[in-house]
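Heads up: the structure comes next, in structure tokens.
Note that ligands are numbered from 1 as they come in the structure, with each ligand's atoms numbered from 1 the same way.
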Amino acid sequence: MDTAEIRRRFTAHFERAGHTAVPSASLLLDDPNLLFVNAGMVPFKPYFLGQETPPYDRAVSVQKCVRTPDIEDVGKTTRHGTFFEMCGNFSFGDYFKEGAIELGWDLVTRSIEDGGFGLAEDRLYPSVLAGDDEALELWQKVTGFPEHRIVKLGPKENYWSMGVPGPGGPCSEILYDRGPAHGPEADWEAMGTAMDPALEDRYLEIWNLVFMQDELSAVRSKEDFDIAGSLPKKNIDTGMGLERVAYLLQGRQNMYEIDVMFPVIEKAMELTGRRYGAGGEQGHTDDVRFRVVADHVRSSMMLISDGVTPGNEARGYVLRRLLRRAVRSMRLLGYEDRALPELLPISRDKMAETYTDLHRDWDRISAVAYAEEDAFRQTLRAGTAIFDLATTEVKQSGGSQLSGAKAFSLHDTYGFPIDLTLEMAGEQGLSVDEEGFRRLMTEQRDRAKADARAKKGQHRDATAYREVADGLGRPVEFTGYGEVVTEGSVRGIVTPSGTVESAREGDEIELVLDRTPFYAEGGGQLADQGVIELGNGARVEVRDVQSPITGLIVHQAVVVSGEVTLGVDAHSVVDVARRRSISRSHTATHMVHKAFREALGDTATQAGSENSPGRFRFDFSATGAVPASVMADVEARVNDLVLDDLAVHAEIMTQEEAVKSGAMALFGEKYGDEVRVISVGDWARELCGGTHAPRSGQLGVIKLLGESSIGSGVRRVEALVGNDAYRFLAREHVLVAQLSEALKVPSEQLPERVHDIVDRLRAAEKEIEKVRVQQLLGTGAEIADRAADVAGARVVAHRADGAGGGDVRQLALDVRGRLPAGQPGVVVVIGTADDKVSVVAAVNDAARERGLSANALVGTIGPLVGGRGGGKDDLAQGGGSDASRVDEALALVGSEVGRALGA
Ligand code: SER
């Protein structure tokens, strides 16, 4: 049964049972605790917590999920995929344990002809949380199994939470026995209540039914958590692994071999010429790599599709790792060409049957992925050069091991993965100090964790906010789209130690009102600032505004006078100049975004922005530098549209309507959500929760300052708007005027004039250099004349202050050439320039015949000036840094020559 059919049957089964089919949400739902949606229930979390009223009592979905904590296990076990799809049925205060068990059991055991999955009952083992007698009895009732056929497990397996504060509850899993080929037979009684890892491959968990009833306030581990209380209602959240059921029903060995994934492995086989499932040790290693490729290619594609771009932090870093691991696995399989252009389209063709956006948005998705592969290939090239240098050094010094520090720096600086280092070192017959490498990695990770902890400390834990939100009973009303002054009242005061009833002059507090015109930072727009005057005469200065949990707007403020108390009236006044300036930036960002898309195509999608007073920053996907001509065109285009004075308006519509109207940037929205669409004229249309200038004319001027790369495939443009743009241009004008005055040419001739000056300067420098060398060499004859006689040899020891390495060498050779050829001649010149000491020794043939060596001389003299060097017998050169002992070093020359000649 193919994956699409399993998905259809799952949805149809629950639709028949009164569930509303809800499409998958984006992987990037806005939840501060989650990097990615990692379970089918995530989009429904507010319903479970009672924060929002669900529009249905029963829902069914097939949700895209990404889990990355066990990225290293991918391909090694049969079950770990970073991207997977979770089929789930949900009850919000409707049916509970009995309904969930009946519905689930019915679907898995119902015959294939009859629309079910047709799994044999004698292969199935339901499990319950040890002590959940209600579930135990229900399972016996529904399945007709004796008690011993139901497995009892501890909280590690059978209590489910999100791993962070939120909803949770006891659960039941349905395990499927894949037979003796996959492990030993279970003796459940003997095992106790902790699942034996040796059994996990054979007794495959296919479905988890969570009896969602608790609200957790802290989660320290799977078994160690605090239950703060009961959820307002008892709910059901289930998750059936689509890939797991698919591989059972398709008779395959693991999730990587199912219909929507295996074609990528087949393509990889074709490209690498290696065979999947070839057997033997190498075969096993290769199989893992093939699976990594299949998994990571698919996960990366799905992440990019939902708006992630490769980067060095958070989501972007996960994506980068996935893409690079896929590319690297292909290389380890022996394929060195660009792999993603071959593999990604295969994955797309399989996944686009369900996720049609993959086709629609293909240009952008593929451009982002391919650019990252190219960047990584470059990294590998640079790293390989460093690697080669390091191995040569090790070999030359007679060693056989690459140090942990070197492996770490390759990894840290060049993104060179350790297994690649290991493999390449192996090829060179070297080992790697892996332990040292791991120690440095751990140290780095600890540093990063400490940093993260320090950062987290700035935010209060969400409990205090939740308390205020609960007290409020409804979301804070944001009035700032329409007004900048609003009447409201104080509804919450939060301090580092929690919620308080009042605050005094000088206190730094976080203030919550029932209504506020203050915009909380979000969507790339900076927060408003301003003041809040209270009914009792107190006054508060607002410095920042954030929305730490949905529905709450928190003013970070200082009490400048009086006392702030709960319930008192609040007269909020936004700093209008700042707000207007930020709004202008925000509107300008939309315009520039649109203009770039016009110029570069739809792949130029926004990847982040920051709108601050008078300036903005805008990041977007592009495969290479944006040509200066495009920058100029975009700037001209938006400034034209500023003059057109387009009206800017906001509309609320459903997500589907927004798509139809051609609005951009739909990442992270839930299907069915109402969205706010901002249009600049009929031209730029974009989903946005920010504030804007009412007309484009108010923007005045938009000045693009430049563009640069901020990571593979992402460019950053910085720009000024309005007054700031004007002031910038005015300043530039003054500068140009000053230059024009100083150089005595009209401004349009400045570039030519400056070129001219630079050229003349270069020519003059060359001329000076020539004269200097001539002068230096002009002293050669005189120096040669002053040669001393040491045991029949002509010996010159000369100090040349101001001469660098090249000059010293030339001088030494010149002098040597002037010494009589038939007589042994030795020249040592030491130059000093720019804190550097250069030593050159030159010896003629007659001297060499007498056993004198330039190399030996430099070896003896060099250390005196704090350096070393070497060369050949006739000419040697060294460098040092200690100019204080130059004379001493020169004095040594004569005695060294004398010693060598046996005088
Ligand atoms: N939330 C549960 C899980 O992720 C069931 O959907 O396993």
Closer than 4.0 Å to some heavy atom of [X] - which atoms of ligand 1 meet that?
X: M41; answer: 1 (N)
X: A39; answer: 4 (O)
X: G239; answer: 5 (C), 6 (O)
X: R67; answer: 4 (O)

Nearest heavy-atom pair of S329 and V293: which atoms, and what distance?
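Nearest heavy atoms, S329 then V293: CB-CG2, 3.6 Å.
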Give me the atom names and distance for the closest heavy-atom approach of R202 to G183.
NH1-O, 3.0 Å
Exam field: side chain R244 to backbone M255, donor-acceptor pair closer than 3.5 Å
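No, because the side chain of R244 does not come within donor-acceptor range (under 3.5 Å) of the backbone of M255.
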Do me a favour and list the nearest non-hydrogen protein atom to atom 1 (N) of ligand 1 with residue, atom name and distance?
D237 OD2, 2.7 Å
Compute the shortest N/O to N/O distance between N38 and ligand 1 and return yes if it is under 3.5 Å, no if not.
no
Please verify whether a non-hydrogen atom of M162 lies at under 4.0 Å from ligand 1.
no
Could you walk me through whether Y256 and F262 pass the ring pair (Phe, Tyr, Trp, His ring centres under 6.0 Å) check?
CA-CA 6 Å; Y256 317 101; F262 200 64; over 10 Å; no
Tell me whether the rings of W139 and W105 are parallel (<30°), tilted (30 to 60°) or perpendicular (>60°).
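If you compare the ring of W139 with that of W105, the planes turn out perpendicular.
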Among V210, I236, N208, L209, which one puts a heavy atom closest to atom 7 (O) of ligand 1?
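The residue whose heavy atom sits nearest atom 7 (O) of ligand 1 is N208.
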Is it the case that the ring center of F225 lies less than 6.0 angstrom away from the ring center of Y159?
yes
